[in-house]
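Every chain is numbered from 1, with letters handed out A, B, ... down the list of sequences.
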2 protein chains.
Amino acid sequence: MATRAGVSEISVSRVMRNAPNISDALRRKVTDAANALSYTPNRLAGALKSQSSNLVAVVLPSMSNAVFPAVLDGIESVLDEQGLNAVLGLSGYDPDREVRVIRELLSWSPKGIILTGVHHGEAVRGMIAQMDVPVVQIMDIEGDPIGSMVGVSHSHAAIAAADHLHARGYRRIGYIGAWNERPERSLARRLAFEQQLQHHGTPLVAAHILEDRSSARIGAAATIALLTEHPEIDCIFYANDDLALGGLFYALSAGLDVPRELGLMGFNGLDIGKATPIPLSSIETPRFQMGAKAADLLLRSRTEGPQTVDLGFRVFDGGTT
Amino acid sequence: MATRAGVSEISVSRVMRNAPNISDALRRKVTDAANALSYTPNRLAGALKSQSSNLVAVVLPSMSNAVFPAVLDGIESVLDEQGLNAVLGLSGYDPDREVRVIRELLSWSPKGIILTGVHHGEAVRGMIAQMDVPVVQIMDIEGDPIGSMVGVSHSHAAIAAADHLHARGYRRIGYIGAWNERPERSLARRLAFEQQLQHHGTPLVAAHILEDRSSARIGAAATIALLTEHPEIDCIFYANDDLALGGLFYALSAGLDVPRELGLMGFNGLDIGKATPIPLSSIETPRFQMGAKAADLLLRSRTEGPQTVDLGFRVFDGGTT
DNA sequence: TTGAAAGCGCTAACAG
DNA sequence: CTGTTAGCGCTTTCAA
């Protein structure tokens, strides 16, 4: 390639990387040769030498929760514009697998790593410290971070939900969760929610926690079960919109009068919930933005150091409360 | 690291890669030292030397269509178990950007590359030929593939949809698409659908193609528009479930008698459509399996060569037809 | 079964 | 503005 262009290897390297102080003549020669040979640089070699890789490691639990695709879109939107690539790892909500995945991804000497949640043990902290790689943890902003954090306060969100439901006049409120309250932030939400209801003098009537992963189907089934067991319940707060949509669909089929007879509130504010016959009340979280901001912080972290960014949430007052 | 274990560099390498013919004593020494130093191998160097990288490039259009997260989950399920990592690129349905992304990903010398769709020009074919990297194209099985293909026949699926609706007695059928019929496979579906309706002697009444991307919200709006313009329509086939759900939600709100007064059929068979008050009729596509099979084919391609795998679809007869 | 030497393709550091 | 030199951390090849 260098010989083809009739210049030195390093000049090729400089042109390919848009280094400064390159004459137009040289640039022309190299670009022409590159096109003629459809030359693809080997970033493996470049990264090895320069000790920094244009790869960003991204560790998410799974793609099957609609939250994470949106986060990933946000991450990619920033990485793409900076010419970086994401190496992806999925933990499947399994801490051991997460450790393994992180180890694998770190072996590519990424420019930074984005992790989900704030609950990471010594194994992870050790690896990251050793590699001296910038970290951003997303989703949560409460906890002991490794580096930066970008997310929302789940306890505040739960309190806002409790306040909203109380303001709407609901007094006999139930809760439905799934997946045994994994991840921990959903547990944190329920606890804060219960506490705030207590504070209002209208303690939670019952919490129904399923073993299965969230889906509209099991949300519907759980709603039926909860209402059968506790017919006095006048409102249900769900761990997420998938469950809540199941509840809403059940209520619509059963001809319940929503929101008078039964109030329903989800979490995340997915688009689909805005299009249902009665829009689903929910807590909107900035998922895309969370990913974008995380990538952004990662790139700034060399100069600006670790930060914690609260992206906030919004109570979306649909028609179900 | 090698000195710490008191052995040669190459022995460390062999142990780390589980090479054959290693004595237990050596293996012990190396593993102990590795744990003591929490040694992370540098795959950049390994891949550079061995010319093969344990990375698999994955190019998808976007995460905001629920199809692709499921595909990605499928891909990851296989890669994870083989100790491979995915480098992800999103094209945003933009061919130019796709070329750029593919070039970037190829520069990591991936073990293989997974592309979405079968419409790739000479630029892409050239790069791939030059790198001599195995390719699997997903989603479609009709077209001129670069390497392997894994997907479903969109024309057959459309024909099956037309047959189903005809068998259900619908005679004045409309169609709603979005995003100007990107990607091309959705256009292929509509054309095959129209042709089959023609074949049945009940030509399509009207097709309403939106500019915006699919969502339940615009699906509802388009449904209203289409029915206003063509009140005689008794059934609508949608380009995907997002649009169809919007139509269903509108019909439920408006008190239309589904499926008698209006039939609705989507495409993809998303879970959410199975939980709606009336389950949404749709064409189920094997999304997770498509990703898994694609990754699988990539790994086998060295030995078995390119293949085309038709994963098939299923007409899901919900309550909306 | 283990080791020594060489070099993958690039880029940092320094010269010119 | 361009080139020379050296070496990133591994693994291939060959030898012991």
Task: Between C:dT1 (C1') and B:D24 (CG): distance, integer Å - done: 12 Å

- [ ] Write down the distance between CZ (B:R14) and C1' (D:dT12), rounded to a whole number of angstrom.
- [x] 10 Å

TODO: Could you check which of D:dT2, D:dT13, D:dG3 has an atom nearest any side-chain atom of A:S23?
DONE: D:dT2

TODO: Taking atom CD of B:E304 as the centre, report whether more than 12 heavy atoms of other residues, nucleotides or ligands fall under 6.0 Å from it.
DONE: yes

- [ ] Whole angstrom is fine here: how far is it from CD1 in A:I10 over to P in C:dC10?
- [x] 11 Å

Open item on the list: OP1 or OP2 of C:dG3 versus the side-chain N and O atoms of B:S8: is any pair under 4.0 Å?
Closed with: yes

- [ ] Please determine if a side-chain N or O atom of B:S11 lies less than 4.0 Å away from the OP1 or OP2 oxygen of C:dG3.
- [x] yes

Task: Minimum-distance nucleotide to A:L48 side chain [options: D:dT11, C:dG9, C:dG3] - done: C:dG9

Task: CG (A:N35) with more than 12 external heavy atoms under 6.0 Å - done: yes

TODO: Say whether, by atom type as modelled, one donor and one acceptor occur between the side chain of B:R287 and the main chain of B:T285 under 3.5 angstrom.
DONE: yes

- [ ] Give one of base, sugar-phosphate or nothing for B:E9, where a contact means two heavy atoms less than 4.0 Å apart.
- [x] base

Open item on the list: Among C:dT1, C:dT11, C:dG3, which nucleotide has an atom closest to any side-chain atom of B:N21?
Closed with: C:dT1

Open item on the list: Within the 4.0 Å heavy-atom criterion, would you say B:L44 contacts the bases, only the backbone, or no part of the nucleic acid?
Closed with: nothing

Open item on the list: Measure CH2/A:W108 against C1'/D:dG9 and give the value in whole Å, please.
Closed with: 13 Å

Task: Contact under 4.0 Å: B:Y39 side-chain N or O vs D:dC10 OP1/OP2 - done: yes

Open item on the list: Here's a test of your reading of the structure: between B:I22 and B:A45, which maps to the more 5' nucleotide of DNA chain C?
Closed with: B:I22

Task: Of A:P41 and B:G6, the one whose closest DNA chain C nucleotide lies more 5' - done: B:G6

TODO: Flag yes if more than 12 heavy atoms outside B:R28 fall under 6.0 Å of its CZ atom; otherwise flag no.
DONE: no

TODO: Could you check which of C:dG3, D:dG9, D:dT11 has an atom nearest any side-chain atom of B:R17?
DONE: D:dT11

- [ ] For B:R43, answer base if it contacts any base atom (sugar-phosphate contacts may also be present), sugar-phosphate if it contacts only those atoms, and nothing otherwise; contact means non-hydrogen atoms under 4.0 Å.
- [x] nothing

Open item on the list: Of the options D:dG3, C:dA12, D:dT12, whose atoms approach the side-chain atoms of B:K49 most closely?
Closed with: D:dT12

Open item on the list: Quick check on side chain to side chain contact (heavy atoms under 4.5 Å, CB included): which of A:V58, A:L299, A:L297 does A:V136 satisfy it with?
Closed with: A:L297

- [ ] Taking only the side-chain nitrogens and oxygens of B:Q51, find out if one of them lies under 4.0 Å from OP1 or OP2 of D:dT11.
- [x] no

